[in-house]
Protein chains: 2
Amino acid sequence: MTRRTTIYDIAKELDITAASVSRALNNNPKISESTRKLVLETAAKMNYKQNRLALALRSGKSNNVGVIVPRIDSNFFASIIRGIEEELYSVGYHIIICQTHEDAKIESDNINTLLNAQVDGILMSISNVINENNDIMKRVVDKNVPLIFFDRKKHIDGVSSVTIDDFEGGYLATKQLIDEGCNRIAHFTGDQSLEIFQNRTKGYKKALEDNGILFDSNYVFQIKSNVDAGRLAIEKLLSLENPPDALFSTSDFAALGAIQVLKEKGITIPEEFCVFGFGNEPFTKFMELSISSVDQSPLEMGKMAAKVFLEQINNNENLKIEKKVILKPELHIRKSSSRNSNLR
Amino acid sequence: MTRRTTIYDIAKELDITAASVSRALNNNPKISESTRKLVLETAAKMNYKQNRLALALRSGKSNNVGVIVPRIDSNFFASIIRGIEEELYSVGYHIIICQTHEDAKIESDNINTLLNAQVDGILMSISNVINENNDIMKRVVDKNVPLIFFDRKKHIDGVSSVTIDDFEGGYLATKQLIDEGCNRIAHFTGDQSLEIFQNRTKGYKKALEDNGILFDSNYVFQIKSNVDAGRLAIEKLLSLENPPDALFSTSDFAALGAIQVLKEKGITIPEEFCVFGFGNEPFTKFMELSISSVDQSPLEMGKMAAKVFLEQINNNENLKIEKKVILKPELHIRKSSSRNSNLR
DNA sequence: TCAGTATATGTAATCGATTACGCAAACATA
DNA sequence: TATGTTTGCGTAATCGATTACATATACTGA
């Protein structure tokens, strides 16, 4: 195992100093063309590779960005990460992944560790908690480390965000159910400390209101995003004296759980009951009874978050920008909510 | 924005030298208890955090490991990454993600960039190519950077690997189909330059042989891992004069495509046709007609790969170890291949 | 020819931490 | 008391690259 080539090795080889080598390699004008050529050739010959750690120490920039998500093994977050990686890799950034498992303590740990590793920016989706960790996030901003929220955000001065229009997603999904003739529309939502769920629920309510349907709080369940939670909640809904005839779930998994129970009880979908999910998880289109869902274009969201980060980095240091990007949600209308057409 | 505290700041505060501060912080015995106590207190008070970049430059260790996968937005790879992250985060490593998109050029780029970023190890699943990139992988080994393959591997001296027993997975899945009474079993496999697909196919053949069923190459298709490829291939199979009565697919997605076509043609599953997939993708258990599949325990695989990396790191530098871990595959037998029992 | 300017290169500090080496004081031993 | 051994701490080099500043050389024009 041979030691890697440094600029000092090149300097010695050519009997010049490391400073000149550095200048030659960095397109510094204060170097003669002949020397530059010689250095470049020798560098190639000696297989020189810039030591990023040395550069990082001197410049204070690591060329790494941290990405914090609740978990990585979900299609949604994985797709976002893919988008971020694809956008940033080509401009020389590496991404470091951290998972919070929705735990505020781990989340603040993650932030601290990333700051300590001197990442050049942090892109994150916050975990399910109210007002915790605000101080540490402010510390990130104070340190002039770009902080960008995607999907799950909260308001903190100086923090940009990329989200979809959850209100519109909720509105459109509910509207589609109404258009199919449903008027007793149940709703599964998530942790109301998160704006995304608040907004989807607001969209749901507004759609009801705009169409003259009275909001009924008995139809609304705040549940976790998994199949069993959906099963449990639909059971309760079906035991109401006036059970619903449709469901808008902010989670595809909970929607699936509901569908399972409905079928077990012999309730036909979409004829007797329509279902709309949220997230456009891969399985929604694979089902024999494909599930309608709101797509959040996670790939796009990741790319956009990366772009916002790059803008922020390339901005004048002292000019704090706070950009809010809101992507449009896209309805994928499938069998579970299509009484009229014949969709595959 | 205040500058971060360094050991020099602490030294100045206490009127000692940075060397002493460093010794105090690192449990070096060559320091008095009183000084150590003073330093620790002052460090805490001044909110000192070790600068990992400086440490990295001096030690040549970045405390980062690189993880290279074909793509991150697949449940399988995302789960592996999750396992790796969970195992390594607690011991102070960060993981850097790269995607190859199955492209050999990008793969070698990734390796080079990671080496250049001085990662302390590389954990990867190789892309779909024969014998390319062997040289660069050997270079990784030469540089004494631990290299660990997971799932998709090839033989390179000094490289450890963590895989599942693909042969057994193929064998058991095929055997199960035979046990259900099928004897014209078709097979979808993948790129034969990858050991995983070779081995699954070998397992398939051996199961046929052990059960007195003649191997028929007309029943074997080498296809991509997606729904449409599965649809296309099953069409061809069904047009054979003696069409198969079962399918063992090394891809859950292709299995799904096949199932779609079979149902469209009115062929009942599992009564007339049994299907076994591979990968245990989340959707396989969500389907109304749930799909039998071989589980590869990706989370476990990721954790194991991380453990092998740690072993390698903590080993005597000069002692090259090459560890091969083979995990047991686990059958998840579901409706698509269960004629006899009533599974959900 | 000589001052003035450009151009190319070298010198040395810097980023922050670790550590081999050396020295002084304190203590032990005969 | 003289000598040897610990103990605790400072000095300075090191990791590899960048860059402000200094300096030497070449070139310009009157």
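Protein chains get the first letters and strands the later ones, always in sequence-line order, with residue 1 at the start of each.
- Under the salt bridge (charged side-chain N to carboxylate O under 4.0 Å, His left out) criterion, A:K138 pairs with no residue, sequence neighbours left out.
- Taking the salt bridge (charged side-chain N to carboxylate O under 4.0 Å, His left out) definition, one finds that A:D151 meets it with nothing, sequence neighbours left out.
- In this view, B:E13 satisfies the salt bridge (charged side-chain N to carboxylate O under 4.0 Å, His left out) rule with no residue, not counting sequence neighbours.
- Taking the side chain to side chain donor-acceptor pair (under 3.5 Å) definition, one finds that B:D103 meets it with nothing, sequence neighbours left out.
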Set out, line by line, the N/O atom pairs under 3.5 Å between protein and nucleotides 14-21 of chain C.
{"unit_1": "C:dT14", "atom_1": "O2", "unit_2": "A:R58", "atom_2": "NE", "d": "3.1"}
{"unit_1": "C:dT14", "atom_1": "O2", "unit_2": "A:R58", "atom_2": "NH2", "d": "3.4"}
{"unit_1": "C:dG16", "atom_1": "N2", "unit_2": "B:A54", "atom_2": "O", "d": "3.4"}
{"unit_1": "C:dA17", "atom_1": "OP1", "unit_2": "B:Y48", "atom_2": "OH", "d": "2.7"}
{"unit_1": "C:dA17", "atom_1": "OP1", "unit_2": "B:N51", "atom_2": "N", "d": "3.3"}
{"unit_1": "C:dA17", "atom_1": "OP2", "unit_2": "B:I7", "atom_2": "N", "d": "2.6"}
{"unit_1": "C:dA17", "atom_1": "O5'", "unit_2": "B:Y48", "atom_2": "OH", "d": "3.4"}
{"unit_1": "C:dA17", "atom_1": "N7", "unit_2": "B:Y8", "atom_2": "OH", "d": "2.8"}
{"unit_1": "C:dA17", "atom_1": "N6", "unit_2": "B:Y8", "atom_2": "OH", "d": "3.4"}
{"unit_1": "C:dT18", "atom_1": "OP1", "unit_2": "B:N26", "atom_2": "OD1", "d": "3.3"}
{"unit_1": "C:dT18", "atom_1": "OP1", "unit_2": "B:N26", "atom_2": "ND2", "d": "3.4"}
{"unit_1": "C:dT18", "atom_1": "OP1", "unit_2": "B:Q50", "atom_2": "NE2", "d": "2.8"}
{"unit_1": "C:dT18", "atom_1": "OP2", "unit_2": "B:S22", "atom_2": "OG", "d": "2.8"}
{"unit_1": "C:dT18", "atom_1": "OP2", "unit_2": "B:N26", "atom_2": "ND2", "d": "2.9"}
{"unit_1": "C:dT18", "atom_1": "O2", "unit_2": "B:R58", "atom_2": "NE", "d": "3.0"}
{"unit_1": "C:dT18", "atom_1": "O2", "unit_2": "B:R58", "atom_2": "NH2", "d": "2.7"}

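- With sequence neighbours left out, A:K307 forms a salt bridge (charged side-chain N to carboxylate O under 4.0 Å, His left out) with no residue at all.
- Listed by chain and number, the residues in a side chain to side chain donor-acceptor pair (under 3.5 Å) with A:E85 are B:Q99 (sequence neighbours excluded).
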Distances under 3.5 Å between protein N/O atoms and the N/O atoms of nucleotides 4-7 of chain D, please, pair by pair.
none

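- Under the ring pair (Phe, Tyr, Trp, His ring centres under 6.0 Å) criterion, the residue pairs touching residues 77-130 of chain A are A:Y93-A:F309, with sequence neighbours excluded.
- Listed by chain and number, the residues in a side chain to side chain donor-acceptor pair (under 3.5 Å) with B:K45 amount to none (sequence neighbours excluded).
- The nearest whole Å value for the distance from the CG atom in A:D15 to the C1' atom in C:dA8 is 15 Å.
- For A:K49 and B:N112, the side-chain atoms include no donor-acceptor pair closer than 3.5 Å.
- Taking atom CD1 of residue A:I31 and atom C1' of nucleotide C:dA8, one finds them 7 Å apart after rounding to whole Å.
- Annotation: the terminal axes of the helix from C:dT1-D:dA30 to C:dA30-D:dT1 meet at 50°, where each axis is the rotation carrying the C1' atoms of four end pairs onto the next four (5 pairs per end, rounded to 10°).
- Take A:N51 and apply the side chain to side chain donor-acceptor pair (under 3.5 Å) test, not counting sequence neighbours, and it matches no residue.
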